[in-house]
> 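My structure is below; once you've seen it, I'll send some questions.
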Amino acid sequence: MMITSAETPAADPPATDALQDQCLVELRNLLRTEKEWIKVHAAEFLLWVGEPEGVQVVYLNELQQFAAKPQYRIGIWRVLAQAAATPEEKKKWTDQIADAFTDPVGPDRIHAAETLAKLGISPTTLDADVTRRAIAGENRPLSLYTLWGASLSDAQTAASNRQKFMALALDRQEEAAPRRLGAFILRRLGGLTSSEWKQLAEAALSEPLSSGIQLNLVHAALVTASPSATRSEPYRLLRIKMLAAQQSGSVGDLMELAAALAEKGQPADVAVLTPLLKHDFADLRASAAYAILKIKKRSK
(Lines give C-alpha, C1' and ligand atoms only; values in the text may rest on other atoms or scores of the structure.)
Protein backbone atom coordinates (compact mmCIF):
# COMPACT_ATOMS: atom_id res chain seq x y z
CA MET A 1 0.00 0.00 0.00
CA MET A 2 1.25 3.49 -0.84
CA ILE A 3 0.96 6.38 1.55
CA THR A 4 2.15 9.81 0.61
CA SER A 5 0.24 12.34 2.63
CA ALA A 6 -2.23 10.46 4.81
CA GLU A 7 -1.50 9.57 8.40
CA THR A 8 -3.25 6.21 8.24
CA PRO A 9 -4.03 3.88 5.35
CA ALA A 10 -7.26 4.51 3.51
CA ALA A 11 -8.26 0.87 3.18
CA ASP A 12 -10.14 -0.88 5.95
CA PRO A 13 -8.03 -3.67 7.49
CA PRO A 14 -9.23 -7.25 7.43
CA ALA A 15 -10.92 -7.91 10.76
CA THR A 16 -11.71 -11.60 10.60
CA ASP A 17 -10.65 -14.43 12.87
CA ALA A 18 -9.22 -16.01 9.72
CA LEU A 19 -6.44 -13.42 9.65
CA GLN A 20 -5.58 -14.08 13.27
CA ASP A 21 -5.49 -17.81 12.54
CA GLN A 22 -3.28 -17.17 9.51
CA CYS A 23 -0.80 -15.27 11.69
CA LEU A 24 -0.67 -18.03 14.29
CA VAL A 25 -0.22 -20.68 11.61
CA GLU A 26 2.62 -18.64 10.11
CA LEU A 27 4.40 -18.35 13.44
CA ARG A 28 3.99 -22.04 14.20
CA ASN A 29 5.26 -22.98 10.76
CA LEU A 30 8.32 -20.78 11.24
CA LEU A 31 8.90 -22.26 14.68
CA ARG A 32 8.88 -25.72 13.12
CA THR A 33 10.84 -25.06 9.93
CA GLU A 34 13.25 -22.17 10.48
CA LYS A 35 16.63 -22.18 12.18
CA GLU A 36 18.40 -20.23 14.86
CA TRP A 37 17.36 -16.59 15.32
CA ILE A 38 14.29 -16.64 13.08
CA LYS A 39 13.15 -19.67 15.08
CA VAL A 40 13.89 -17.79 18.31
CA HIS A 41 11.82 -14.82 17.17
CA ALA A 42 8.88 -17.01 16.15
CA ALA A 43 9.00 -18.75 19.53
CA GLU A 44 9.11 -15.48 21.44
CA PHE A 45 6.26 -13.99 19.43
CA LEU A 46 4.08 -16.99 20.24
CA LEU A 47 4.92 -16.69 23.93
CA TRP A 48 4.25 -12.95 23.92
CA VAL A 49 0.77 -13.34 22.43
CA GLY A 50 -0.15 -16.05 24.91
CA GLU A 51 0.19 -19.04 22.56
CA PRO A 52 2.96 -21.11 24.19
CA GLU A 53 1.83 -24.53 22.98
CA GLY A 54 4.75 -26.51 21.59
CA VAL A 55 7.40 -23.84 22.15
CA GLN A 56 9.09 -25.51 25.10
CA VAL A 57 9.14 -28.93 23.41
CA VAL A 58 10.75 -27.47 20.29
CA TYR A 59 13.39 -25.66 22.31
CA LEU A 60 14.26 -28.57 24.55
CA ASN A 61 14.98 -30.39 21.30
CA GLU A 62 17.08 -27.42 20.11
CA LEU A 63 18.98 -27.61 23.38
CA GLN A 64 19.83 -31.25 22.79
CA GLN A 65 21.23 -30.40 19.37
CA PHE A 66 22.88 -27.03 19.92
CA ALA A 67 23.73 -26.66 23.61
CA ALA A 68 27.40 -26.30 22.70
CA LYS A 69 26.89 -23.78 19.89
CA PRO A 70 28.10 -20.34 21.01
CA GLN A 71 25.72 -17.40 20.69
CA TYR A 72 22.74 -19.40 19.47
CA ARG A 73 22.62 -21.28 22.78
CA ILE A 74 21.92 -17.91 24.42
CA GLY A 75 18.81 -17.71 22.25
CA ILE A 76 17.82 -21.23 23.28
CA TRP A 77 18.18 -20.43 26.99
CA ARG A 78 16.32 -17.14 26.42
CA VAL A 79 13.30 -18.91 24.96
CA LEU A 80 13.32 -21.62 27.62
CA ALA A 81 13.52 -19.00 30.38
CA GLN A 82 10.44 -17.27 29.00
CA ALA A 83 8.59 -20.55 28.50
CA ALA A 84 9.34 -21.76 32.02
CA ALA A 85 6.36 -22.66 34.20
CA THR A 86 7.99 -21.82 37.54
CA PRO A 87 10.52 -19.29 38.87
CA GLU A 88 12.87 -22.15 39.70
CA GLU A 89 12.74 -23.46 36.15
CA LYS A 90 13.32 -19.98 34.76
CA LYS A 91 16.34 -19.50 37.03
CA LYS A 92 17.86 -22.72 35.66
CA TRP A 93 18.12 -21.03 32.25
CA THR A 94 18.91 -17.48 33.34
CA ASP A 95 21.78 -18.80 35.49
CA GLN A 96 23.38 -20.22 32.35
CA ILE A 97 22.99 -16.88 30.57
CA ALA A 98 24.52 -15.18 33.61
CA ASP A 99 27.47 -17.58 33.58
CA ALA A 100 28.05 -16.82 29.91
CA PHE A 101 28.16 -13.09 30.68
CA THR A 102 30.52 -13.35 33.63
CA ASP A 103 33.02 -15.55 31.76
CA PRO A 104 35.63 -12.93 30.74
CA VAL A 105 36.86 -14.97 27.78
CA GLY A 106 33.55 -16.56 26.80
CA PRO A 107 32.29 -16.36 23.21
CA ASP A 108 28.72 -15.46 24.24
CA ARG A 109 29.23 -12.32 26.30
CA ILE A 110 27.60 -9.78 23.97
CA HIS A 111 24.54 -11.98 23.37
CA ALA A 112 24.35 -12.76 27.09
CA ALA A 113 24.51 -9.08 28.11
CA GLU A 114 21.77 -8.22 25.61
CA THR A 115 19.58 -11.10 26.75
CA LEU A 116 19.96 -10.30 30.44
CA ALA A 117 18.80 -6.75 29.76
CA LYS A 118 15.89 -7.96 27.64
CA LEU A 119 14.84 -10.30 30.45
CA GLY A 120 15.05 -7.47 32.98
CA ILE A 121 18.04 -8.91 34.85
CA SER A 122 20.71 -6.44 35.88
CA PRO A 123 24.26 -7.78 35.52
CA THR A 124 25.20 -5.69 38.55
CA THR A 125 23.22 -8.11 40.70
CA LEU A 126 25.28 -10.99 39.31
CA ASP A 127 28.81 -9.61 39.57
CA ALA A 128 29.33 -5.90 40.09
CA ASP A 129 33.05 -6.01 39.31
CA VAL A 130 32.60 -7.90 36.03
CA THR A 131 29.82 -5.48 35.12
CA ARG A 132 32.01 -2.42 35.74
CA ARG A 133 34.82 -3.89 33.64
CA ALA A 134 32.46 -4.73 30.80
CA ILE A 135 31.06 -1.19 30.76
CA ALA A 136 34.55 0.32 30.78
CA GLY A 137 35.95 -2.12 28.21
CA GLU A 138 36.75 -1.55 24.55
CA ASN A 139 34.06 -3.88 23.19
CA ARG A 140 31.42 -1.29 22.47
CA PRO A 141 28.34 -3.50 22.00
CA LEU A 142 29.22 -5.37 25.19
CA SER A 143 29.69 -2.07 27.01
CA LEU A 144 26.38 -0.63 25.82
CA TYR A 145 24.30 -3.73 26.48
CA THR A 146 25.85 -4.05 29.95
CA LEU A 147 25.19 -0.38 30.71
CA TRP A 148 21.56 -0.91 29.70
CA GLY A 149 21.27 -3.87 32.04
CA ALA A 150 23.01 -2.03 34.87
CA SER A 151 20.49 0.79 34.51
CA LEU A 152 17.69 -1.59 35.46
CA SER A 153 18.86 -1.91 39.07
CA ASP A 154 20.22 1.55 39.77
CA ALA A 155 17.59 4.28 39.76
CA GLN A 156 20.21 6.88 40.65
CA THR A 157 22.17 6.37 37.44
CA ALA A 158 19.29 5.32 35.17
CA ALA A 159 18.48 8.90 34.18
CA SER A 160 22.11 9.77 33.37
CA ASN A 161 22.55 6.51 31.46
CA ARG A 162 19.41 7.27 29.45
CA GLN A 163 21.00 10.58 28.53
CA LYS A 164 24.11 8.72 27.36
CA PHE A 165 22.03 6.53 25.04
CA MET A 166 20.16 9.59 23.81
CA ALA A 167 23.39 11.43 23.06
CA LEU A 168 24.76 8.42 21.20
CA ALA A 169 21.60 7.93 19.13
CA LEU A 170 21.46 11.60 18.12
CA ASP A 171 25.17 12.12 17.41
CA ARG A 172 25.47 12.54 13.64
CA GLN A 173 29.25 12.29 13.88
CA GLU A 174 28.91 8.70 15.03
CA GLU A 175 28.70 5.69 12.73
CA ALA A 176 25.27 4.23 12.04
CA ALA A 177 25.69 0.96 13.97
CA PRO A 178 26.30 2.42 17.45
CA ARG A 179 23.64 5.09 16.86
CA ARG A 180 21.17 2.37 15.91
CA LEU A 181 22.02 0.45 19.07
CA GLY A 182 21.66 3.59 21.16
CA ALA A 183 18.19 4.20 19.71
CA PHE A 184 17.19 0.58 20.33
CA ILE A 185 18.27 0.66 23.96
CA LEU A 186 16.67 4.06 24.50
CA ARG A 187 13.27 2.81 23.37
CA ARG A 188 13.61 -0.32 25.46
CA LEU A 189 14.55 1.69 28.55
CA GLY A 190 11.77 4.24 28.12
CA GLY A 191 10.99 6.64 30.93
CA LEU A 192 11.80 9.77 28.95
CA THR A 193 10.85 13.12 30.40
CA SER A 194 8.66 15.37 28.27
CA SER A 195 11.66 17.49 27.31
CA GLU A 196 13.71 14.41 26.42
CA TRP A 197 10.90 13.07 24.28
CA LYS A 198 10.55 16.40 22.49
CA GLN A 199 14.29 16.38 21.79
CA LEU A 200 14.12 12.84 20.43
CA ALA A 201 11.03 13.53 18.31
CA GLU A 202 12.52 16.67 16.79
CA ALA A 203 15.77 14.84 16.03
CA ALA A 204 13.91 11.92 14.45
CA LEU A 205 11.87 14.22 12.23
CA SER A 206 14.95 16.11 11.06
CA GLU A 207 17.25 13.09 10.64
CA PRO A 208 18.19 12.65 6.97
CA LEU A 209 17.02 9.43 5.40
CA SER A 210 20.53 8.93 4.04
CA SER A 211 21.92 8.37 7.54
CA GLY A 212 20.36 4.92 7.65
CA ILE A 213 18.90 5.34 11.14
CA GLN A 214 15.99 7.70 10.60
CA LEU A 215 13.44 4.95 11.14
CA ASN A 216 15.24 3.74 14.26
CA LEU A 217 14.88 7.18 15.78
CA VAL A 218 11.27 7.47 14.62
CA HIS A 219 10.53 4.08 16.16
CA ALA A 220 12.12 5.09 19.46
CA ALA A 221 10.13 8.32 19.56
CA LEU A 222 6.84 6.61 18.78
CA VAL A 223 7.28 3.93 21.43
CA THR A 224 8.45 6.27 24.20
CA ALA A 225 5.70 8.87 23.70
CA SER A 226 3.52 9.57 26.72
CA PRO A 227 -0.27 9.45 26.35
CA SER A 228 -0.38 13.22 26.00
CA ALA A 229 2.47 13.19 23.46
CA THR A 230 0.53 10.77 21.25
CA ARG A 231 -1.97 13.57 20.67
CA SER A 232 0.71 16.02 19.55
CA GLU A 233 1.64 17.21 16.07
CA PRO A 234 5.16 15.74 16.28
CA TYR A 235 3.66 12.32 17.01
CA ARG A 236 1.34 12.60 14.00
CA LEU A 237 4.32 13.43 11.80
CA LEU A 238 6.32 10.56 13.25
CA ARG A 239 3.52 8.14 12.34
CA ILE A 240 3.50 9.46 8.78
CA LYS A 241 7.25 8.87 8.50
CA MET A 242 6.97 5.37 9.91
CA LEU A 243 4.05 4.37 7.71
CA ALA A 244 5.89 5.69 4.65
CA ALA A 245 8.43 2.90 5.22
CA GLN A 246 6.00 0.49 3.56
CA GLN A 247 7.15 1.99 0.27
CA SER A 248 10.74 0.97 1.00
CA GLY A 249 12.37 -1.97 -0.69
CA SER A 250 14.63 -2.44 2.33
CA VAL A 251 13.89 -5.43 4.52
CA GLY A 252 15.46 -3.56 7.42
CA ASP A 253 13.01 -0.68 6.99
CA LEU A 254 10.07 -3.05 6.81
CA MET A 255 11.26 -4.89 9.92
CA GLU A 256 11.44 -1.57 11.76
CA LEU A 257 7.93 -0.72 10.57
CA ALA A 258 6.52 -4.06 11.74
CA ALA A 259 8.23 -3.78 15.13
CA ALA A 260 6.92 -0.25 15.67
CA LEU A 261 3.38 -1.21 14.73
CA ALA A 262 3.51 -4.21 17.05
CA GLU A 263 3.99 -1.76 19.89
CA LYS A 264 2.00 1.26 18.75
CA GLY A 265 -0.03 0.21 15.72
CA GLN A 266 -3.71 1.05 15.31
CA PRO A 267 -6.42 -1.22 13.87
CA ALA A 268 -6.21 0.49 10.47
CA ASP A 269 -2.51 -0.40 10.31
CA VAL A 270 -3.33 -4.08 9.89
CA ALA A 271 -3.81 -3.30 6.19
CA VAL A 272 -0.19 -2.16 6.05
CA LEU A 273 1.06 -5.37 7.64
CA THR A 274 -1.06 -7.98 5.88
CA PRO A 275 0.88 -7.94 2.56
CA LEU A 276 4.08 -8.58 4.52
CA LEU A 277 2.77 -12.03 5.46
CA LYS A 278 3.68 -13.06 1.90
CA HIS A 279 7.19 -11.59 1.91
CA ASP A 280 10.09 -13.85 0.96
CA PHE A 281 12.02 -12.97 4.13
CA ALA A 282 10.86 -15.28 6.91
CA ASP A 283 11.81 -12.99 9.80
CA LEU A 284 9.70 -10.22 8.29
CA ARG A 285 6.72 -12.56 7.97
CA ALA A 286 7.12 -13.44 11.63
CA SER A 287 7.32 -9.78 12.65
CA ALA A 288 4.26 -8.87 10.59
CA ALA A 289 2.25 -11.76 12.02
CA TYR A 290 3.19 -10.78 15.55
CA ALA A 291 2.32 -7.12 14.92
CA ILE A 292 -1.12 -8.03 13.56
CA LEU A 293 -1.82 -10.25 16.56
CA LYS A 294 -0.76 -7.52 18.98
CA ILE A 295 -2.90 -4.88 17.28
CA LYS A 296 -5.93 -7.16 17.23
CA LYS A 297 -5.41 -7.99 20.90
CA ARG A 298 -5.22 -4.29 21.86
CA SER A 299 -8.36 -3.48 19.88
CA LYS A 300 -10.56 -6.07 21.62
Side-chain angles (χ1 to χ4, degrees), residues 27-28 30-103 106-127 130-131 134 139 141-153 180-181 184-185 187-190 223 255 258-259 262-263 282-287 289-291 293-294:
L27 290 175
R28 294 199 182 283
L30 294 173
L31 174 67
R32 187 181 70 255
T33 62
E34 288 295 329
K35 298 178 180 179
E36 300 203 2
W37 296 104
I38 297 176
K39 192 183 215 65
V40 166
H41 296 157
E44 288 185 317
F45 292 156
L46 286 166
L47 293 173
W48 296 345
V49 297
E51 296 285 344
E53 183 180 355
V55 170
Q56 189 176 57
V57 171
V58 168
Y59 265 86
L60 288 173
N61 184 58
E62 289 292 289
L63 183 68
Q64 288 184 336
Q65 297 181 71
F66 303 111
K69 186 169 186 177
Q71 301 178 11
Y72 178 49
R73 61 187 174 185
I74 299 294
I76 295 173
W77 297 333
R78 187 170 99 191
V79 171
L80 289 171
Q82 293 174 91
T86 66
E88 293 77 18
E89 185 184 354
K90 179 176 181 179
K91 188 174 186 299
K92 172 183 176 181
W93 306 117
T94 58
D95 281 352
Q96 296 193 65
I97 299 168
D99 289 344
F101 169 73
T102 55
D103 181 354
D108 304 303
R109 296 196 73 200
I110 295 173
H111 287 73
E114 177 187 7
T115 289
L116 289 170
K118 285 182 173 180
L119 295 177
I121 300 171
S122 171
T124 306
T125 64
L126 306 174
D127 191 317
V130 168
T131 298
N139 186 318
L142 177 62
S143 174
L144 292 171
Y145 283 129
T146 305
L147 184 62
W148 170 19
S151 303
L152 301 176
S153 63
R180 190 174 293 115
L181 182 52
F184 169 74
I185 294 174
R187 72 174 168 85
R188 290 297 299 259
L189 268 179
V223 169
M255 289 285 291
E263 297 178 84
D283 216 8
L284 180 53
R285 296 200 304 276
S287 296
Y290 172 65
L293 292 169
K294 289 289 288 185

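Here the structure is a predicted model, which is why all the values come from computation and not from measurement.
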> Side chains of S287 and F45, heavy atoms from C-beta outward: is any pair under 4.5 Å?
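Contact flag for S287/F45 side chains = yes.
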> Check whether the side chains of Q56 and E89 place a donor and an acceptor atom closer than 3.5 Å, and report yes or no.
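Short answer, yes.
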> Of all heavy-atom pairs between S122 and A150, which one has the smallest distance, and what is that distance?
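Heavy atoms only, the tightest pair is OG-CA, 3.7 Å.
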> Evaluate the side-chain proximity of R73 to Q96: yes if any heavy-atom separation is below 4.5 Å, no if none is.
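No; the side chains remain at least 4.5 Å from each other.
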> Over all heavy atoms of both residues, which pair between A68 and P70 is shortest? Give the atoms and the distance, please.
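Minimum heavy-atom contact is O-CD, 3.1 Å.
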> Pairs of donor and acceptor atoms involving the side chains of residues 57-67, under 3.5 Å and at least two apart or interchain, shall be tabulated with distances.
from, atom 1, to, atom 2, distance (Å)
Y59, OH, K39, O, 3.4
Y59, OH, V40, N, 2.9
E62, OE1, Y72, OH, 2.4

> Side-chain contact, heavy-atom cut-off 4.5 Å: L30 with D283?
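The answer is no, as the side chains (C-beta and beyond) never meet within the 4.5 Å cut-off.
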> Are T146 and F101 side-chain neighbours, meaning at least one heavy-atom pair lies under 4.5 Å?
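Of all side-chain heavy-atom pairs linking F101 with T146, at least one is under 4.5 Å.
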> Inspect the contact between E88 and K92 and indicate whether a charged nitrogen and a carboxylate oxygen are less than 4.0 angstrom apart.
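Salt bridge flag = no for E88 with K92.
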> Would you indicate whether K90, at its atom NZ, is surrounded by more than 12 heavy atoms from other residues, nucleotides or ligands within a distance under 6.0 Å?
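Count not over threshold, so no.
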> Is the centre of the H111 ring less than 6.0 Å from the centre of the W77 ring?
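That pair fails the under 6.0 Å test.
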> For the CG atom of D103 and the CG atom of D127, what is their distance to the nearest 0.5 Å?
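Rounded to the nearest 0.5 Å, the CG-CG separation comes to 11.5 Å.
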> Please determine whether side chain to side chain contact (heavy atoms under 4.5 Å, CB included) holds for the pair W148 and K118, giving the CA-CA distance in whole Å, both sets of side-chain angles, and the decisive distance to 0.1 Å.
CA-CA 9 Å; W148 170 19; K118 285 182 173 180; 3.8 Å; yes
> One pair to check against side chain to side chain contact (heavy atoms under 4.5 Å, CB included): V55 and L80. What are the steps and the verdict?
CA-CA 8 Å; V55 170; L80 289 171; over 6 Å; no
> For the CG atom of D108 and the CD1 atom of I74, what is their distance to the nearest 0.5 Å?
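Interatomic distance, D108 CG to I74 CD1, rounded to 0.5 Å: 4.0 Å.
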> Examine distances only and state if a side-chain atom of E114 and a backbone atom of I110 form a donor-acceptor pair shorter than 3.5 Å.
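Not confirmed, E114 side chain does not pair with I110 backbone.
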> Indicate yes or no: at least one non-hydrogen side-chain atom of Q71 is less than 4.5 angstrom from one of E36.
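Q71 does not reach E36 side chain to side chain.
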> Could you state the interatomic distance from CG (N139) to OH (Y145), rounded to the nearest 0.5 Å?
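If I round to the nearest 0.5 Å, the distance is 11.0 Å.
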> Counting N and O atoms only, with roles assigned by atom type, does the side chain of R28 sit under 3.5 Å from a partner on the main chain of E53, one being a donor and the other an acceptor?
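Pair found, side chain donor or acceptor close to backbone of E53.
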> Working to the nearest 0.5 Å, report the span between CG of L31 and CD1 of I38.
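Reported value, rounded in 0.5 Å steps: 12.5 Å.
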> How long is the span from the OG1 atom in T94 to the CD1 atom in I121, to the nearest 0.5 Å?
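These two atoms lie 4.5 Å from each other.
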> Below 4.5 Å, heavy atoms only, C-beta onward: do T131 and L126 meet side chain to side chain?
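Heavy-atom side-chain distance check fails, nothing below 4.5 Å.
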> Check whether any side-chain heavy atom of K294 lies under 4.5 Å from a side-chain heavy atom of E263, and answer yes or no.
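K294 does not reach E263 side chain to side chain.
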> Would you say the side chain of L152 lies within less than 4.5 Å of the side chain of L189, judging by non-hydrogen atoms?
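In contact.
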> Please report the interatomic distance OG1(T115) to CZ(R78), rounded to the nearest 0.5 Å.
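The OG1 atom of T115 sits 4.5 Å away from the CZ atom of R78.
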> Grab the two heavy atoms, one from R109 and one from A100, that are nearest each other, plus how far apart they are.
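In terms of heavy atoms, the two residues are closest at CG-O, 3.6 Å.
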> Side chains of Q82 and W93: donor-acceptor distance under 3.5 Å anywhere?
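Result is no, nothing qualifies.
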